[in-house]
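Structure first, commentary second.
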2 protein chains.
Amino acid sequence: MSKNNCPLHYTLNLIGTKWKPLILFHLLEGPLRSGVLQKKISGISNKMFTQTVRELEQDGLIAREVFPVVPPKVEYSLTDKGKSLENILRNMDEWGATFYKD
Amino acid sequence: MSKNNCPLHYTLNLIGTKWKPLILFHLLEGPLRSGVLQKKISGISNKMFTQTVRELEQDGLIAREVFPVVPPKVEYSLTDKGKSLENILRNMDEWGATFYKD
DNA sequence: GCAATAACTTACCAAAAAGTAATATAGTTA
DNA sequence: TAACTATATTACTTTTTGGTAAGTTATTGC
């Protein structure tokens with residue numbers, strides 16, 4: 001963590017990576033099974049998916065629920081903290097849509 | 001560039017890096033001389049600063065104005081496209097301020 | 001009793017991002 | 001004529017991030 005003055009730094013430390021905003025964005029519509037979520041994130045590797053959801057969970061942005069069945073079932077959902085990013089995520093998506101055709 | 005479905009991808013390709021949001025954020029208040037802007041971004045190296053503003057310029061988010069004097073004077077400012085990120089940047093900063101004390 | 005299943009985990013390697021330190025520039029001032 | 005200035009560039013190295021492929025688990029269904 002940098003000792004910079006503006007809080008934007010803190011935000012970037014939590015969601016300022018390649019995959020985090022995409023994972024959070026796809027969870028806005030509700031909880032998803034691990035495999036389903038992963039398939040929505042085109043291009044992500046097995047390893048990066050697991051690693052990224054682990055970090056999001058540690059930072060309190062998503063929750064992980066394990067169902068004790070075989071084969072395994074795991075669901076991810078946004079926490080309240082995660083949900084509070086909804087505006088930012090939707091604005092970023094909308095901004096991308098606006099400028100995509102330049 | 002990934003061939004993902006959601007426009008969020010495009011946004012992340014333009015501003016989804018360590019330093020870009022910080023540089024844009026500090027330009028929200030108006031144009032700044034190169035050296036002044038760089039000093040506001042605590043921790044950034046000489047190289048990364050130049051590299052990052054070059055990319056932001058290429059993507060049309062900031063403008064670079066060179067004054068032909070010695071020693072050199074260069075000013076950076078947001079373009080209209082850059083200014084259109086204002087809400088997103090301020091929301092991210094605000095979000096960071098809200099959760100920083102957890 | 002063997003394959004199929006979903007969700008990982010690990011070891012290993014490659015690629016990308018970032019840092020360091022030295023150097024260039026060219027007028028102005030001492 | 002030498003130092004100073006602000007901005008930038010380059011070569012080199014380190015750090016971080018990401019990818020691949022194989023292995024693990026434990027029950028179900030054939």
Side-chain angles (χ1 to χ4, degrees), chain A residues 1-4 8-24 26-27 31-59 61-77, chain B residues 1-4 8-27 30-59 61-77:
Chain A
M1 177 86 77
S2 153
K3 50 284 181 227
N4 220 302
L8 178 51
H9 247 85
Y10 174 78
T11 307
L12 293 173
N13 280 327
L14 292 203
I15 63 165
T17 71
K18 185 175 177 183
W19 300 111
K20 285 180 182 177
L22 286 165
I23 289 181
L24 294 169
H26 281 105
L27 286 175
L32 287 176
R33 252 190 108 158
S34 181
V36 175
L37 176 57
Q38 185 172 348
K39 279 187 199 74
K40 283 178 185 284
I41 316 292
S42 101
I44 197 170
S45 71
N46 208 337
K47 176 188 147 190
M48 284 313 297
F49 178 75
T50 306
Q51 186 176 304
T52 307
V53 290
R54 287 279 174 287
E55 288 171 15
L56 289 171
E57 192 194 2
Q58 275 172 31
D59 289 335
L61 295 175
I62 68 176
R64 179 172 184 266
E65 186 177 7
V66 181
F67 298 85
V69 295
V70 168
K73 173 177 175 178
V74 175
E75 266 192 10
Y76 293 103
S77 59
Chain B
M1 177 86 74
S2 154
K3 47 298 184 212
N4 220 300
L8 178 52
H9 249 83
Y10 174 78
T11 307
L12 292 173
N13 281 327
L14 292 202
I15 63 164
T17 70
K18 184 174 178 183
W19 299 113
K20 284 179 181 177
L22 286 164
I23 289 181
L24 294 169
F25 183 76
H26 281 104
L27 286 174
L32 287 176
R33 258 191 102 155
S34 181
V36 175
L37 176 57
Q38 185 170 349
K39 280 187 199 75
K40 284 179 184 285
I41 316 291
S42 102
I44 198 172
S45 71
N46 208 338
K47 175 190 146 188
M48 284 313 298
F49 178 75
T50 306
Q51 187 176 305
T52 306
V53 291
R54 285 281 174 284
E55 289 172 16
L56 289 171
E57 192 194 4
Q58 275 172 31
D59 290 333
L61 296 175
I62 68 175
R64 178 169 185 267
E65 186 177 8
V66 181
F67 298 85
V69 295
V70 169
K73 173 177 175 176
V74 175
E75 264 193 10
Y76 293 104
S77 60

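Both B/R54 and A/S45 sit near DNA chain D, but only B/R54 has its closest nucleotide nearer the 5' end. Between A/S34 and A/V70, the one whose closest nucleotide on DNA chain C sits nearer the 5' end is A/V70.
Between B/L12 and A/K18, every side-chain heavy-atom pair lies at or beyond the 4.5 Å cut-off. Taking 4.5 Å as the limit, every side-chain heavy atom of A/L22 sits out of range of all side-chain heavy atoms of A/I44. Counting heavy atoms from C-beta outward, A/V53 and A/R64 have side chains that stay 4.5 Å or more apart. Using a 4.5 Å heavy-atom cutoff, the side chains of A/K40 and A/L32 are in contact.
Here the side chain of A/V74 is nearest to one of D/dA8, D/dT20, C/dA7, namely C/dA7. Nearest to the side chain of B/P72, among D/dA6, D/dG18, C/dT9, sits D/dA6. For A/R33, whose side chain is taken as the heavy atoms from C-beta onward, the closest listed nucleotide among D/dT5, C/dC8, C/dA6 is C/dA6. Of the candidates D/dG19, D/dA8, C/dG19, the closest approach to any side-chain atom of A/W19 belongs to D/dG19.
Between C/dG19 and B/K18, a contact under 4.0 Å exists linking OP1 or OP2 to a side-chain N or O. OP1 or OP2 of C/dC8 has at least one side-chain nitrogen or oxygen of A/Y76 nearer than 4.0 Å. A sub-4.0 Å separation between OP1 or OP2 of C/dT9 and a side-chain N or O of A/T50 is absent. Distances shown here put a side-chain N or O of A/R64 below 4.0 Å from the OP1 or OP2 atom of C/dC8.
Nucleotide C/dC8 holds its P atom 13 Å from the NZ atom of A/K73, rounded to whole Å. Taking atom CG of A/L22 as the reference point, atom P of D/dG18 lies 12 Å away to the nearest angstrom. Between B/F67 atom CZ and C/dT25 atom C1' there is a gap of 19 Å when expressed in whole angstrom units. The CZ atom of A/F49 sits 18 Å away from the C1' atom of D/dT20 (whole-angstrom rounding). The separation between B/Q38 atom CD and D/dT5 atom C1' is 15 Å, rounded to whole Å. One interatomic measurement links the two molecules: CG of A/L32 to P of C/dA6, which rounds to 16 Å at whole-angstrom precision. Rounded to a whole Å, the CE atom of A/M48 is 15 Å from the C1' atom of C/dT9. What separates CG of A/N46 from P of D/dG18 is a distance of 15 Å, to the nearest Å.
Residue B/K47 places a side-chain atom within donor-acceptor reach of the base of C/dA18, judged by atom type and a 3.5 Å distance cut-off alone.
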- request: Could you give me the CA-CA distance, side-chain angles and deciding distance for B/I23 and B/E55, then say whether side-chain contact (heavy atoms from CB on, under 4.5 Å) is met?
  value: CA-CA 12 Å; B/I23 289 181; B/E55 289 172 16; over 6 Å; no
